[in-house]
Amino acid sequence: MADIKTHLRELSVATTIGLLKQGINFDNEELYSPISFLRYAKRVISSDLSSINNLTEVPLFTGELTQIIDNGIQLGRTIYNHSHFKIKTSDSIRWLGNDTQKDDPVDITIGNYGFSLKEESFILENMGLYKLLNCYTGSTYIRRHIFKDYAPNEYDNWFRISWEEMIKYLSVNSNAWIFDHPTKPSKITLSKSSNEVRLETYKNDILYSRILPINCGIIEYENNTNSFIRENVFSKFIKQILDKNDCYNNAKKACAIAASKALAEELNSNLSYYAGLLRFLRIHKTEYYYAKVTNNEVSIYQVPAMNSFGKDIVIESIISSVPNTQANILTTIKNKTTGKTLTLRNECRFSHGQFNGTPEAKMYYERGGDLLVIYNSL
């Protein structure tokens, strides 16, 4: 469903602008029909839309999906009618959702205008931690793991305690835990006689299972499981059973504190950032527009090109922060001309279940924060 939401968020804006510039009348409700939505989109968007045929897998867009469409139509109308944009009937409309290799955040183009589209979100980018480090320090990392690389001992301890708490739970619950899911049911069973733990789950009615020792460590766990099992078995157990467990959360918090502190120290000690700061702030070679729509308002910002972005934007501070158990890096950006500041938060966390893969460093701007510190309002 996440892909459908993203597609609708972007394509509803592009389709609305295309219909308006072609003088085609339509009602919002027409776009609630997947078949009608797809027909209109293909009529006015010039880029390849074959990858969005999955939209017709549902008979009718309802609930949250219709709200996304309504918001997209509202944003599309606002852009088309805005005095800043000179949109001509001959301007081509392109959707860039298929281009996974591009570095800039532009989702759609209308003629020469590029737009990065958001809805009810304070997120600026889903970045890897290596990108944060490379932007700030000029390093050339291709991968970085917030916990393994900056708090290895605490990370080992966090996993050990998680595993031990699971063994305790199984021991007093018939040596088994079952997660009843309609398509991916999961199960963990403990065999005390053989000192083994069995993790199992299903995908397309095919059983995936692994047997691990009762005293398993993080390295052995990673080497003997795959991402699908990690996400759908052990991480599901953690979310369902250990989310409120004090031992688990204390170990997770200790790891987050140690890791974020060490990361902040590396960033501050090696700060060499101006060119990287531009990339961090989503400033690219070409000017584009950051457009955000919520149920209450539409906001459109002009993001300047690199060659016109002055050096009055500086990093005022970089600090670590761990509210509850979340490892964060807070960067305060200051505009020396206006004196205004904006705090950006990189949340360093697993995206597909605990102890599964490499944590991301998703970047958000603070709720209530003013993007005019770095961008220009229309």
Side-chain angles (χ1 to χ4, degrees), residues 1-18 20 28 31 45 61 63-85 87 93-97 99 102-127 278-284 286-305 309 313 330-331 333 335 338 340-347 360-378:
M1 187 61 74
D3 286 341
I4 291 179
K5 291 178 182 178
T6 300
H7 290 161
L8 291 180
R9 185 173 295 119
E10 298 167 359
L11 291 168
S12 59
V13 178
T15 300
T16 297
I17 295 173
L20 291 173
N28 287 24
L31 299 187
I45 297 174
F61 298 135
E64 183 182 4
L65 299 183
T66 59
Q67 185 62 63
I68 289 173
I69 293 170
D70 287 343
N71 285 350
I73 293 172
Q74 181 187 10
L75 179 55
R77 290 187 183 277
T78 300
I79 291 171
Y80 180 77
N81 293 315
H82 200 290
S83 60
H84 179 83
F85 302 110
I87 299 174
I93 297 178
R94 298 177 62 242
W95 173 64
L96 306 179
D99 188 355
K102 67 185 184 68
D103 187 49
D104 67 63
V106 172
D107 298 309
I108 65 171
T109 60
I110 315 294
N112 293 323
Y113 302 114
F115 295 90
S116 175
L117 306 173
K118 301 295 178 185
E119 182 192 45
E120 293 283 5
S121 173
F122 291 87
I123 192 167
L124 288 179
E125 181 177 5
N126 291 337
M127 65 166 59
L278 298 184
R279 172 62 188 83
F280 185 73
L281 298 177
R282 309 313 311 270
I283 308 296
H284 294 271
T286 305
E287 170 189 279
Y288 68 94
Y289 298 86
Y290 177 92
K292 176 181 175 180
V293 59
T294 71
N295 294 338
N296 301 314
E297 63 178 345
V298 172
S299 302
I300 304 175
Y301 299 91
Q302 183 184 45
V303 183
F309 192 79
I313 305 296
L330 304 181
T331 302
I333 306 294
N335 186 317
T338 64
K340 292 183 177 181
T341 61
L342 175 68
T343 298
L344 303 174
R345 180 181 77 257
N346 283 90
E347 292 188 356
E360 293 183 339
K362 293 185 179 182
M363 182 170 67
Y364 300 80
Y365 65 95
E366 60 188 338
R367 186 175 293 274
D370 190 352
L371 285 176
L372 292 178
V373 172
I374 52 177
Y375 303 153
N376 304 314
S377 180
L378 296 188

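The model shown is predicted, which means the values in this text are computed figures rather than measured ones. Just the heavy atoms: all of them, side chains too, but no hydrogens, waters or symmetry mates, feed the values below.
- Taken to the nearest 0.5 Å, the NE2 atom of H82 stands 11.0 Å off from the CD1 atom of I87.
- Residues meeting the side-chain contact (heavy atoms from CB on, under 4.5 Å) test with T343, sequence neighbours left out: L330, T332, E366.
- In this structure, OG1 on T16 lies 10.5 Å from CG on L11, to the nearest 0.5 angstrom.
- Residues meeting the salt bridge (Lys or Arg N to Asp or Glu O under 4.0 Å) test with E347, sequence neighbours left out: R345, R349.
- The aromatic rings of F85 and Y113 sit perpendicular to each other, their planes meeting at more than 60°, with 30° as the lower class boundary.
- When side chains are defined from C-beta on, I73 counts as touching L31, because their heavy atoms get closer than 4.5 Å.
- Side chain of D107 to backbone of L117: a donor-acceptor contact under 3.5 angstrom is found.
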Apply side-chain contact (heavy atoms from CB on, under 4.5 Å) to E10 and L96, showing your working. CA-CA 9 Å; E10 298 167 359; L96 306 179; over 6 Å; no
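- Here Q302 pairs with H84, E287, Y289, N376, L378 under the side-chain contact (heavy atoms from CB on, under 4.5 Å) rule; sequence neighbours left out.
- For the atom pair L65 CG and D70 CG, the distance stands at 11.0 Å (nearest 0.5 Å).
- A distance of 10.5 Å separates CD in E360 from CE in M127, rounded to the nearest 0.5 Å.
- The local environment of CG in N81 is crowded, with over 12 non-hydrogen atoms from other residues, nucleotides or ligands closer than 6.0 Å.
- A 4.5 Å side-chain heavy-atom check between T15 and I45 finds at least one atom pair inside the cut-off.
- Nearest heavy atoms, S12 versus I68: OG-O, 4.0 Å.
- The closest side-chain heavy-atom distance from Y288 to P105 is below 4.5 Å.
- In this structure, N28 CG and Q74 CD are separated by 10.0 Å, a value rounded to the nearest 0.5 Å.
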side-chain contact (heavy atoms from CB on, under 4.5 Å) evaluation trace for I93 with I108: CA-CA 7 Å; I93 297 178; I108 65 171; 5.6 Å; no
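- From I69, atom CD1 reaches atom CG of L8 across 5.0 Å, with rounding to the nearest 0.5 Å.
- The minimum heavy-atom distance between R77 and L20, with the atom names listed, is NH1-CD2, 3.6 Å.
- In this structure the side chain of Y80 never reaches within 4.5 angstrom of the side chain of V13, judged on heavy atoms.
- In this structure, N71 contributes its side chain and V293 its backbone to no donor-acceptor pair below 3.5 Å.
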